[in-house]
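Along the sequence shown, residues carry numbers from 1.
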Amino acid sequence: MSADLSSKDRLMTLDFLRGFSVFLMIIFHLCFDLNHFDYIDIKIYSGAFWHYFRWLIVNLFIFTAGYSIAIVHKKKILWSKAIRRSGLLLLLAMMITVATYFLFPYSWVYFGILHFFAVATVMVLPLVYFPKVALILAALLGLGYYFDFLGTHFIYLWLQPLLHLPQYPEDIVPILPWIIPMLIGMYVGYYRALPEIKVLQKCKTVLFMGRHSLAVYMIHQPILFGSFMILEWF
């Protein structure tokens, strides 16, 4: 999602993992929409299953993004390409912010997954040539976050009264702890440690979603949510 790969650099296992993440996200959003429109009754906000289901999806997305970054920028850090990509992600993220502000005025998305990618993918670039440092940093950040002496919640406490940010947004992906799987992905990607599993070539739909993950991500929820809105009108 965060870095373009040329056709010669495409890795089937990586595309599969990214596509599988998209597939899981579509399931999550389908269940969210069904719950929102009262077709089913599930604990989408408080249930442990849904919490860890989302956790798995976001980790897969961010890990594969880190892996891609290591491949794309291994020979040379393409700053202009990365900044253009982040600018596109930021523009799309702002579209999501505006859309959710009108749909969910008390829980709109002010820093979701695309906001995270727009910022984090530029932040980690200086570590592309230092994969071991990235891994050590990931471990230190993980320990700091786990023992609660590192975090970014203070930024929210500072901005919340100024921008009237919602207390419980529909999606929130802060830099910490989510930059950790990106750093791990960069380490694994630098050494191309994911094996190429040939049998995955049979999963054509999942691979297609992996190759076009950003486009699928942007259109799937408007289609799902919009379809349920139309059903409600009728």
Would one find more than 12 heavy atoms of other residues, nucleotides or ligands at under 6.0 Å from atom [atom1] of [X]?
| X | atom1 | answer |
| --- | --- | --- |
| Tyr106 | OH | no |
| Phe23 | CZ | no |
| Tyr156 | OH | yes |
| Phe208 | CZ | no |
| Phe149 | CZ | yes |

Polar contact flag, side-chain donor to acceptor under 3.5 angstrom, Glu196-Thr13: yes

Determine whether [X] and [Y] fall in the same hydrophobic cluster, where Ile, Leu, Val, Met, Phe, Trp and Tyr are linked whenever their side-chain heavy atoms lie under 4.5 Å apart.
| X | Y | value |
| --- | --- | --- |
| Met229 | Ile223 | no |
| Leu140 | Tyr145 | no |
| Leu11 | Val199 | yes |
| Leu103 | Trp108 | yes |
| Ile172 | Tyr101 | yes |

Side-chain contact test, heavy atoms from C-beta onward, threshold under 4.5 Å: evaluate it for [X] versus [Y] and give yes or no.
| X | Y | value |
| --- | --- | --- |
| Arg54 | Asp171 | yes |
| Leu141 | Leu183 | yes |
| Cys203 | Phe20 | no |
| His51 | Tyr45 | no |
| Met95 | Leu114 | no |
| Leu214 | Arg85 | yes |
| Phe130 | Met186 | no |
| Phe111 | Val119 | yes |

So, taking the atom named [atom1] in [X] and the one named [atom2] in [Y], what distance separates them when rounded to the nearest 0.5 Å?
| X | Y | atom1 | atom2 | value |
| --- | --- | --- | --- | --- |
| Met123 | Phe116 | CE | CZ | 8.5 Å |
| Ile26 | Ser21 | CD1 | OG | 11.0 Å |
| Leu224 | Ile219 | CG | CD1 | 10.0 Å |
| Leu165 | Ile155 | CG | CD1 | 11.5 Å |

Measure the acute angle between the ring planes of [X] and [Y], then classify it against the limits of 30° and 60° as parallel, tilted or perpendicular.
| X | Y | value |
| --- | --- | --- |
| Tyr191 | Tyr187 | perpendicular |
| Phe37 | Phe225 | tilted |
| Tyr39 | Phe228 | tilted |
| Tyr217 | Phe61 | perpendicular |
| Phe53 | Phe28 | tilted |

When you measure from the side chain of [X] to the backbone of [Y], do you find a donor-acceptor pair of N or O atoms at a distance under 3.5 Å?
| X | Y | result |
| --- | --- | --- |
| Ser213 | Arg18 | no |
| Ser46 | Lys43 | no |
| His220 | Val216 | yes |

Taking the cut-offs as 6.0 angstrom to the six-membered ring centre and 45 degrees off its axis, would you call Lys74 and Tyr190 a cation-pi pair? yes

